[in-house]
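All values below were derived from every heavy atom in this structure, side-chain atoms included, with hydrogens, water molecules and symmetry-related copies excluded. Note that the structure is a prediction, hence the values are computed from the model and not measured.
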Amino acid sequence: MASGTESDEASDTPEIYKDPDDGRQRFLLELEFIQCLANPTYIHYLAQNRYFEDEAFIGYLKYLQYWQRPEYTKFIMYPHCLFFLEQLQNANFRNAMAHPANKELAHRQQFYFWKNYRHNRLKHILPRPLPEPEAAPPASAPPQQSVPLLPPVPAATISATATAPALPPMQYANAPGSALAKNDARNSAVDRRKRKRIVKN
């Protein structure tokens, strides 16, 4: 009789599922899927194959938002995936990513972000010199008329200087007309060949 009551008690308590590896496999699978979302082509693939029409998949994307917490973001190598995960919560974005033009636009914008990220970041991080305070003129001095330091420039000179091409903003390029020689092996080789032909003739 005691054995019958024990089996009744065991059937009343639900069994709790325990991962054999303490959730490591699930963690790695979710991490891999999250990082795939950094690729606009993969998002386009999901949209083309109608994954975004499945309510269970939408719920899974909502569930994955816990990856935006700091204790999980340290494992992510491609931070754009978090941006795209946030955008995928919007139905308009999900529908738009089905079109190839929108995929290309997202891919281009991502490329430009990567291309200019360091420059833009350094622009805001590097310290700028403080503006020098202007000395106030003494109160007892009479106001003076401002005299232009340079004579006015004729219009012909302005148009000539305005059409001059601007130099590209390369940090390590030699200034035009500098004394440093350019190391271009192609040009020197062509010159040698021409010299040999001239000498032979």
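Heavy-atom neighbours of Glu71 CD from other residues, nucleotides or ligands within 6.0 Å: above the threshold of 12.
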Could you walk me through whether Arg26 and Glu30 pass the salt bridge (Lys or Arg N to Asp or Glu O under 4.0 Å) check?
-> CA-CA 6 Å; Arg26 177 178 168 191; Glu30 289 179 359; 3.3 Å; yes
Could you walk me through whether Tyr63 and Tyr66 pass ring-ring contact (aromatic ring centres under 6.0 Å, His included), step by step?
-> CA-CA 7 Å; Tyr63 158 75; Tyr66 76 88; 5.2 Å; yes
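The shortest heavy-atom contact between Asn102 and Ala96 is ND2-O, 2.7 Å. Between Tyr42 and Cys36, the shortest heavy-atom distance links the atoms CD2-O, 3.5 Å. Phe113 and His80 make their closest contact through CD2-NE2, 3.2 Å (heavy atoms, listed as atom of the first residue, atom of the second, distance).
No side-chain heavy atom of Ile43 sits less than 4.5 Å from a side-chain heavy atom of Lys103. Between Tyr72 and Ile34 the shortest side-chain heavy-atom distance does not fall below 4.5 Å.
Ring geometry, Tyr45 versus Tyr51: the interplanar angle falls from 30° to 60°, so the pair is classed tilted. The aromatic rings of Phe27 and Phe75 sit perpendicular, their planes meeting at an angle over 60°, well past the 30° parallel limit. Note on ring orientation: taking the six-membered ring where Trp is involved, the planes of Phe57 and Phe52 are tilted (angle from 30° to 60°).
Clustering of Ile, Leu, Val, Met, Phe, Trp and Tyr side chains at separations under 4.5 Å places Met77 together with Tyr78.
Distance OG1/Thr73 to CD/Gln68: 9.5 Å, rounded to 0.5 Å. In this structure, the separation between CG on Leu88 and NZ on Lys62 is 12.0 Å, given to the nearest 0.5 Å. Taking CH2 of Trp67 as the reference point, atom CG of Leu82 lies at 9.5 Å (rounded to 0.5 Å). Rounding to the nearest 0.5 Å gives a distance of 7.0 Å between CD of Gln110 and CG of Asn39.
Formation of a donor-acceptor pair under 3.5 Å by the His44 side chain with backbone atoms of Met97 is found in this model. In this structure, the side chain of Gln65 does not engage the main chain of Leu61 through any donor-acceptor pair within 3.5 Å.
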